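One structure is given below, encoded as structure tokens.
Owing to the predicted nature of the structure, the values given are computational and were not obtained by experimental measurement.
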Amino acid sequence: MAASGRRIAGMQSRTFGPGEVVFRQGDAGQREAYLVHDGTVEVRRRTPNGEQVLRTLAKGDLLGEVAFFSDGPHSATALAIGRVTLLVVPADRLEHLVRTKPNLGIAIIRQLARMASIEADRPRP
């Protein structure tokens with residue numbers, strides 16, 4: 001289980017050890033997203049053909065934004081590769097940041113578009 005950590009840049013952080021699950025595909029979203037502060041997170045999805053690695057995230061990458069913006073369950077599983085520290089970005093703070101920092105909003109849209117492209121290119125059974 002993840003240990004709630006210290007505050008970094010005024011935000012709550014969570015630290016995960018190697019192999020720990022940040023969240024699982026199908027888990028309810030918690031109205032928060034995560035920013036990778038340190039370490040690497042692998043994003044995987046169960047498919048009829050087994051588990052597929054969708055992407056690997058590192059410092060500065062946003063995680064959990066699909067469930068956040070869709071207000072639905074997580075579409076994939078996030079797994080810590082090595083020791084990982086994530087900054088917790090609550091819904092109200094992320095919404096405020098997107099509204100006041102248009103470049104951040106554009107970066108999130110680009111990331112969502114890349115993910116949609118990966119999903120569209122994925123072979124279907």
Does any N or O in the side chain of [X] come within less than 3.5 Å of the main-chain N or O of [Y], such that one atom is a donor and the other an acceptor?
X     : Y     : result
Gln30 : Ala28 : yes
Gln25 : Arg46 : yes
Arg45 : Ser75 : yes

Please give me the minimum heavy-atom distance between [X] and [Y], naming the atom from each residue.
X     : Y     : answer
Val43 : Ala76 : CG1-CB, 3.5 Å
Pro73 : Gly26 : CB-O, 3.5 Å
Ala80 : Gly17 : CB-O, 3.4 Å
Gly29 : His74 : CA-NE2, 3.9 Å

| Does the side chain of Leu86 reach to within under 4.5 Å of the side chain of Val36, using non-hydrogen atoms? |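 A side-chain contact under 4.5 Å exists here.
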From [X] [atom1] over to [Y] [atom2], what is the distance, rounded to the nearest 0.5 angstrom?
X     : Y     : atom1 : atom2 : value
Thr85 : Leu35 : OG1   : CG    : 11.5 Å
Arg24 : Leu79 : CZ    : CG    : 8.5 Å
Tyr34 : Leu87 : OH    : CG    : 12.0 Å
Arg44 : Thr56 : CZ    : OG1   : 9.0 Å

| message | Would Glu32 and Arg14 count as a salt bridge (charged side-chain N to carboxylate O under 4.0 Å, His left out) here? Give the steps. | response | CA-CA 12 Å; Glu32 60 190 22; Arg14 293 189 187 142; 2.8 Å; yes
